[in-house]
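Working notes, beginning with the structure itself.
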Amino acid sequence: MDTTANLTAEEVMRARASVRQYKRDVAIPQETLNEILELAAAAPSSWNLQQWRFLVIQKQEQKDLILPIAYGQKQVSDASAVVVVLGDLQAHVTGREIYEAAARDGYVPKDVADNLIKQIEGAYGIEQIARDEANKNAGLAAMQLMLAAKAKGYDTVPMGGFDKAKLVEALNIPPRYIPVMMIPIGEAATPARPSGRLPLSQLVINESF
């Protein structure tokens, strides 16, 4: 296993790369996998609604089931685990639960909680906003998951190349959730391919265009 324990946050970010070839039959200890998921779930989110869910696939027969759905990309079958990051289209339901509990426990005044619930439910009454929020916030958790995995010595690759409709059918994903990306996690069999980065002069716009 790649040893990256005790790396700084900067070192983890610089070390993370998209790995597409993994050692088969490597098991991630469940405690370590849980720690990675807990770190991912600490990501920020709009209204603290935590619009992500992690569908974790570790059984080989399940990984093989989704291999053709991912157009035969072998990392899906070979990696130790595949995390399907889902976005919640009905996060306003969670919002009501969160803020009613916060008011009940005295963390926020009831009128503040009621106002937040009203804001959230108003926003989620617009389908495009719900979908945008699901994708945006699940993306934040996905990035944090990949960094957490690297900090624990494992490699990852974010994948958008799969048939979402077939994945929903194969894994019985409820209509409330949309697949945002797949993230295989495991030990690299070969290093990631080098990838260039655009210079800041092309990426940064100061103050205004």
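All heavy atoms count here, side chains included; hydrogens, waters and symmetry mates do not. Residue numbers run from 1 in the order of the sequence given.
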Practice task
Mark yes or no for whether Gln144, through its side chain, and Leu39, through its backbone, hold a donor-acceptor pair below 3.5 Å.
Solution key: yes
Problem - Connected via hydrophobic side-chain network under 4.5 Å: Ile69 and Tyr177 - result: yes
Handout entry: Lys152 (side chain) donor-acceptor with Thr32 (main chain) under 3.5 angstrom
Key = no
Problem - Whether over 12 other heavy atoms sit under 6.0 Å from Gln202 CD - result: yes
Exercise for the section: Verify the neighbour count for atom NZ of Lys164: are there more than 12 heavy atoms of other residues, nucleotides or ligands below 6.0 Å? Expected result: yes
Practice task
Report, as yes or no, whether the 6.0 Å neighbourhood of atom CD on Glu11 holds more than 12 heavy atoms from other residues, nucleotides or ligands.
Solution key: yes
Completion exercise
All heavy atoms of Ser18 vs all of Pro158, minimum pair found to be OG-CD, 3.5 Å
Practice task
Answer whether the closest heavy-atom distance between the side chains of Ile120 and Tyr99 falls below 4.5 Å.
Solution key: yes
Exercise for the section: Mark yes or no for whether Asn137, through its side chain, and Glu133, through its backbone, hold a donor-acceptor pair below 3.5 Å. Expected result: yes
Exercise for the section: Please list, chain by chain and in numerical order, all residues satisfying side-chain contact (heavy atoms from CB on, under 4.5 Å) with Leu147, sequence neighbours excluded. Expected result: Val12, Met13, Arg16, Met143
Handout entry: For the student: nearest non-hydrogen atoms of Pro184 and Ala79, plus distance
Key = CB-CB, 3.7 Å
Exercise for the section: For Pro179 and Val84, work out which heavy atoms get closest and say how close. Expected result: CB-CG1, 4.4 Å
Handout entry: Straight-line distance of Ile28 CD1 to Ile36 CD1, nearest 0.5 Å
Key = 5.5 Å
Problem - Side chain to side chain, Gln75 and Met159, heavy atoms closer than 4.5 Å - result: yes
Handout entry: Hydrophobic cluster identity match, Leu7 and Ile185, side-chain contacts under 4.5 Å
Key = yes
Exercise for the section: Identify the residue among Leu65, Val76, Leu171 that makes a side-chain contact (heavy atoms from CB on, under 4.5 Å) with Ile57. Expected result: Leu171
Problem - Test item: Met146 and Ile183 side chains (from C-beta on) under 4.5 Å apart, heavy atoms - result: yes
Handout entry: Pair Asn34, Glu38: side-chain N/O donor-acceptor within cut-off below 3.5 Å
Key = no
Exercise for the section: Quick one: do Leu145 and Phe54 satisfy side chain to side chain contact (heavy atoms under 4.5 Å, CB included)? Show the steps, please. Expected result: CA-CA 10 Å; Leu145 187 151; Phe54 305 123; 4.2 Å; yes
Problem - Check: Val168 main-chain N/O paired with Asn172 side-chain donor or acceptor under 3.5 Å - result: no
Exercise for the section: Identify whether the distance between the nearest side-chain nitrogen and carboxylate oxygen of Lys118 and Asp114 falls below 4.0 Å. Expected result: no
Exercise for the section: Please report the shortest heavy-atom distance between Ile178 and Arg131, naming the atom on each side. Expected result: CG2-NH1, 3.7 Å
Exercise for the section: Identify the two heavy atoms, one from Glu187 and one from Ser80, that lie closest to each other, and give their separation to 0.1 Å. Expected result: N-OG, 4.5 Å
Handout entry: Nearest atoms (heavy-atom pairs only) where Met181 meets Ala142
Key = SD-CB, 3.6 Å
Practice task
State, with a plain yes or no, whether a side-chain heavy atom of Pro44 is found less than 4.5 Å away from one of Leu140.
Solution key: yes
Exercise for the section: Determine whether Val157 and Tyr154 fall in the same hydrophobic cluster, where Ile, Leu, Val, Met, Phe, Trp and Tyr are linked whenever their side-chain heavy atoms lie under 4.5 Å apart. Expected result: no
Exercise for the section: May I ask you to check whether over 12 heavy atoms, not counting those of Tyr71, lie within 6.0 Å of atom OH? Expected result: yes
Handout entry: Selection residues 188-197 - residue pairs positive for side chain to side chain donor-acceptor pair (under 3.5 Å), sequence neighbours left out
Key = Gln21-Thr190, Ser195-Arg197
Problem - Carboxylate-amine/guanidinium contact Arg104 Glu100, below 4.0 Å - result: no
Handout entry: side chain to side chain donor-acceptor pair (under 3.5 Å) partner of Asp88, chosen from Gln50, Arg176, Gln51
Key = Arg176
Problem - Tyr22 reachable from Ile66 in the ILVMFWY side-chain graph, under 4.5 Å edges - result: yes
Exercise for the section: Determine whether Gln119 and Trp47 make a side-chain contact, defined as any pair of heavy atoms from C-beta on separated by less than 4.5 Å. Expected result: yes
Exercise for the section: State plainly whether one hydrophobic cluster holds both Leu89 and Ile126, where clusters connect Ile, Leu, Val, Met, Phe, Trp and Tyr through side-chain heavy atoms under 4.5 angstrom apart. Expected result: no
Exercise for the section: With sequence neighbours excluded, give me every ring pair (Phe, Tyr, Trp, His ring centres under 6.0 Å) pair touching residues 186-209. Expected result: none
Problem - Under 3.5 Å donor-acceptor, Asp163 side chain and Ala165 backbone - result: yes
Exercise for the section: Measure the CD-CG distance between Glu97 and Leu49 for me, rounded to the nearest 0.5 Å. Expected result: 10.5 Å
Completion exercise
Residues at least two apart in sequence or cross-chain that pass side-chain contact (heavy atoms from CB on, under 4.5 Å) with Lys59, listed by chain then number, are Glu61, Gln62
Practice task
Check side-chain hydrogen bond (donor to acceptor under 3.5 Å, both in side chains) between Arg24 and all other residues, then give those that pass, not counting sequence neighbours.
Solution key: Ser77, Asp78
Practice task
Determine whether Gln58 and Leu33 make a side-chain contact, defined as any pair of heavy atoms from C-beta on separated by less than 4.5 Å.
Solution key: yes
Exercise for the section: Give, for atom CE of Met182 and atom OG1 of Thr156, the distance between the pair rounded to the nearest 0.5 Å. Expected result: 15.0 Å
Handout entry: Residue pairs, two or more places apart or on separate chains, that pass ring pair (Phe, Tyr, Trp, His ring centres under 6.0 Å) and touch residues 73-96
Key = His92-Tyr124
